[in-house]
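Values reported hereafter were calculated over all heavy atoms of this structure, with side chains retained and with hydrogens, waters and symmetry mates removed. Lettering follows sequence order; numbering is per chain, from 1.
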Amino acid sequence: MTPLVEVSGLRVTATNDRGAETDIVRDIGFTVARGEVLALIGESGSGKTTIALSLLGYARRGCRIADGGIRVGGADVRALAPAELARLRGGQVAYVAQSAAAAFNPSQRLMDQVIEGVRMRGLMSRANAEAKARDLFRALALPEPDRIGARFPHQVSGGQLQRLMAAMALMTDPDLVVFDEPTTALDVTTQVEVLRAFREAVRERKTTAIYVSHDLAVVAQVADRIVVLRDGAIQEIGATAQILSGPADPYTQSLLAAHAPKPQPPAAPRDVAVAPLLEVRGLVAGYGATWQGRPAAPVLHDVDLEIRAGSALGVIGESGSGKSTLARVIAGLLPATSGMMRLDGERLAPALASRGREELRRIQIVFQAADTALNPAHSVERILSRPLAFYHGLSRSEQRRRVRRLLDLVRLPASLLDRLPTELSGGQKTRVNLARALAAEPALLLCDEVTASLDTVVGAAILDLLAELRSELGLALMFISHDLKTVRAVCDEVMVLYAGQVMERGTGQAVMQAPQHPYADLLAASVPELRPGWLDSIDETRLAEARSRFSFPGSPDLCAFISRCAARAPGLCDAAPPPIRRFAKGSDIRCHRTEQELVALQSKHGSVSAAILPLKRVVKRAL
Amino acid sequence: MSAAAPITAPRRRIPAAVQIGIALVLFWATLAAFGPYLAPYSAGYVVNAGPFAPMSTAYPLGTDYLGRDMLSRILHGARYTVGVALLATVLACLAGTTLGLLAAVRRGWIDALISRAADALISIPHLMFALVVVAAFGTSLPVLVLMAAVSYVPGSFRISRALALDINAMDFIQVARARGEGTAYILREEILPNMLFPVMTDLGLRFVFVVLLLSGLSFLGLGIQPPNADWGALVRENIVGIYEAAPAVVVPAVAIAILTIGITLLIDGLSGSNHEIVR
Amino acid sequence: MLMLGMILRRVCGGLLTLLVVSVVVFVGASILPGDATEAILGQSASPEAVAGLRQALGLDLPAPERYLRWLAGLLTGDPGISLINRMPIGQLIGPRLTNSLFLAALTAAVAVPLALLLGVTSAIWRGTAYDRVTNITAVSLVSVPEFLLATIGVILFAVQLRWASAMATPVVDSLGGALRTLALPVLTLSFGIMAQMVRMTRAALLGVLDSSYIEMARLKGVRPARLVLRHALPNAAGPIANAVALNLSSLLGGVIIVEVIFSYPGLAKLAVDAVETRDMPLVQACAMIFCAAFMILVLAADLCSILSNPRLRVR
């Protein structure tokens, strides 16, 4: 049987500002059989989206499909007339965009957009089309399938929009669906249920699909075969199992290596006698006017934490959890409404203005977006010199020497000194960003999602650098991330934040051990694993939790996770503030459920837990 | 790092765009300053070609209603057209930018007060504002300069404030604040350098509008008064020549158009064609 | 509800601004050295006559009271008495305002559809020669003084070709007559406001055409005509309406020059004459009408933006 999709010798070019044409992908060839799911995997700039779009005969502004053959279901896509191409798009080949929030027309109701394809082509009556759409909504596990179509895009959550977009793509029963990073913009707990819904819909319909992603673990769950891309060229093509177990190409190997679980840094011994470097008690912070001791829009609620000298605390949470706000509050950029902070036993004023220069020097913050954290008008040298002059009062010549040493420290060549930030790569910017903080010779570094915008391999290098700096300089870290894996790799202690509440806090090992706080449990279970079949192993309880949305519990003292929690105890959780208990495994948990109850509840879906737990954990629990 | 590492001189970065802009402004400023010395005749000298003479080699731009050489009239008028407008524009942008920075960094009631005042001032059409001011204070040069400056302060203020607010929200400002830098340093070293280009292009556009405003006022006879004349006034005093299609009517207006179109096209080219031009 | 609140806030803000403007106009016109009596009676008038006139005009009252009286008069349609010809200002302004509104409406009727057409087409055919020519023409026209357009128009069409009249009147007896007397002023005004409208319409539509949901619609197989009409224009309608309203307000400046050039008996011409004769009450009244008109247009622009935002329309 001939394959549904045949691509050969594909070359797409882009024209730059000066009018010169350069290849963005070249010599691309692959086939997709009917009913097969093929993944295109690569980092930013690998050309994966460009290739995916070319299957619809489309190239973005300034780009051009220059060479090669693209055949879908026997049709030569490049030879199609505009009218035929329009029939192909959304007809035989459908597209699911990365950011559904941006890809839905804000001024039209969702139903109108979902059925536009079939209506435009005159394939169905309006009533039939809507009925079919509702069936698809149901199949994709969308809430209120009969009514959700009447809403506008801004009234629906990101995960739901992504599923609505899949429904839109499936309306015309296309031969091929192109998924372009459909879960990248989502939080992990949302990603897991969206992925599940996609996979089931694709499987049921035996849809042929091309799945574009940068995440090997996600791809492992959905794809039959994988194409590994780098800088616009194919590195390797193979069956999923083969790529995961025995990659031939060195680049694929490095991708896999970046995924491999890192040995957890040993927890620094807890010396109770020595005061922690940073101690935070009962921190409340937010935005807007303060009224009755609470901010109008509270973000952090009653946060306690300790960071000992030289240790690393990982703060993990999804978007909106308040993790970045926590860093801003500790840095003094957003004065806390109430609560107490001590640095080395000395009381730390909430507002910047009332802190001494020495206090400011000892806490340095490294922002997430290196793009906006570096002044575009200042050269690298100027950026790094300023803290040297400001905190240490160094002379010009001293500054020059130290700036070079700093660059050395973050493994950057001195030739970058005169560069402006716009002339640096993402990884270089992050390093300069780090070096500026190090110039102050701080005791505590607040790192806010420093690797979030970087490619896996570049990000892994930054994490290695951080680990080295920690041991070389004896730095303490507060490492903020949405990525559990990253946090586990860097930190000896972990804190799980949900909607501004600390749900669980303890050593990295303890937090990962059962019984976990129900939210920590969901979070850990939602992180995709490289093992194929992981997605199927997630049980319904967790999917239900993943699917439900946060809603305000009624009082900021109550547990914020209540609306999603499968372990909630009605009459208790919605009535009283949860206590914080120290569990035997060594972590503090904010939950009404006792250790025994949580053990019992979590072992109910224990078969699942056991499957997703690293073997070490299972063994430990068995002992 | 080895000591033999090549030493590169720190590059002074003035965008080419700004350089061209500065060059252009200097050109017109020179014309304004030295125009009278370049003119073949004095402003009041009546040549013997009669009134409303057509263009000729002797009088390349013809003569005016009294028979004076138009080229000389134009060169003498440059001072009033370019000079006065430039002065007013620079004043407006200095004041507007200062107020904008102040409002953006201080926020609170200062911001509210200045913004409200700017809202009020901006809702008086410029020419109407000019008419009221002229009616009240007459048409002396200081009044004209101040009036033009004041009426364009709100626009400059709004743009600077918006720019400063945008930049102020960037992470590198947060970094500077967290470092403990004072407001003066943040304004001078972190915010201002990033505003320079947009403020310069804004200054250019505003200059164009001030030229149009002042020459429009002169055209109405309510601007610079005889015996001095800017290009707008030249159009007015020669308006009867319109029935003879005399160059004296069109030439000063074209001179204004060359000045303003040149600057607008330059700015348009520099900043991309998608920005708004709002007077 | 949120939207209603926003609209109310804008309207109140507008009224407040207008109040501040009235103070500015009043103060600006009242700090005259000397006062109106001098302007009327001349410097050689007897002290008794001056005192009598001052009382008659209410000039002996303290400034705040005079302001309040003036404001109350404005609101009740009685902005006082002209100093020069002693006629009630309301009577002077009435017919002139109608004439000016007629000219403005005619200009809008010509300029707006044309500008929208040019703006939308140049956005659709972005990057083509047509787009570039339209853009450069628009940029140039923005920076050309109205009197250049007007004088060239007069020389060309009134003096050389004798198609049109160099004087404009609001009297319309026939289509030909209307064309002869009104075509030039209307076209001059139109050029000035169209230029910016075209650019802003183009920019607004391009902003939408560059968005992901337009790309998505394309990838759904939506054809170009439907793409623009169904997907792009509804989303650009708000910004475009905003641009139209905002640019109509620049008409208020242009109309002053044009009415003077063509000796058109409108409000702006009246205002300029009043400035020349220093008839301050008349200047004040004209200024307030202009500011109010300006405010209405800016408010309309704001409302278009608010009303067209689905996030505010549907909660």
When you compare the side chain of [Y] with that of [X], does any pair of heavy atoms fall below 4.5 Å?
X	Y	result
B:L121	C:V20	no
B:L131	C:I256	yes
C:L148	B:I256	no
B:P125	C:C291	yes

Distance-minimising heavy-atom pair for [X] and [Y]:
X	Y	value
B:A257	C:V144	CB-CG2, 4.3 Å
C:A287	B:V132	CB-CG2, 3.7 Å
B:L212	C:V142	CD1-O, 3.9 Å
B:M128	C:A271	CE-CB, 3.9 Å

(request) Pick one of side chain, backbone, both or neither for C:V260, based on which atoms fall under 4.5 Å of a heavy atom in chain B. (result)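 For C:V260, the contact with chain B is made by the side chain alone.
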(message) Counting only non-hydrogen atoms closer than 4.5 Å, does C:L16 touch chain B with its backbone (N, CA, C, O), its side chain (CB onward), both, or neither?
(response)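 Looking at C:L16, just its side chain touches chain B.
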(request) Could you verify whether a donor N or O on one side chain and an acceptor N or O on the other, from B:T260 and C:S143, lie under 3.5 Å apart? (result) no
(request) Would you please test C:T17 and B:R116 for side-chain contact (heavy atoms from CB on, under 4.5 Å) and show each step? (result) CA-CA 8 Å; C:T17 309; B:R116 267 279 143 220; 3.0 Å; yes
Quick one: pull up [atom1] in [X] and [atom2] in [Y] and give me the separation to the nearest 0.5 Å.
X	Y	atom1	atom2	answer
B:T264	C:I136	OG1	CD1	12.0 Å
B:I122	C:S249	CD1	OG	10.0 Å
C:L252	B:H126	CG	NE2	11.5 Å
C:F147	B:W231	CZ	CH2	11.0 Å
B:L220	C:I257	CG	CD1	4.5 Å

(message) Is B:V208 close to chain C through its backbone or its side chain, or both, or neither, when contacts mean heavy atoms under 4.5 Å?
(response) side chain
(request) Measure B:V254 against the heavy atoms of chain C and call it side chain, backbone, both or neither at under 4.5 Å. (result)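 Backbone plus side chain of B:V254, per the 4.5 Å heavy-atom cut-off to chain C.
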(message) Please rank B:A253, B:S215, B:S123 by heavy-atom pairs under 4.5 Å with chain C and give me the top one.
(response) B:S123
(request) Check the pair C:I261 / B:F219 against side-chain contact (heavy atoms from CB on, under 4.5 Å), numbers first and verdict last. (result) CA-CA 9 Å; C:I261 294 178; B:F219 174 78; 3.2 Å; yes
(message) Looking at B:Y59, I want to see if its OH is surrounded by more than 12 non-hydrogen atoms of other residues, nucleotides or ligands under 6.0 Å.
(response) yes
(request) Begin from the C-alpha positions of B:L222 and C:V275 and carry the test side-chain contact (heavy atoms from CB on, under 4.5 Å) through to its verdict. (result) CA-CA 8 Å; B:L222 300 170; C:V275 170; 3.9 Å; yes
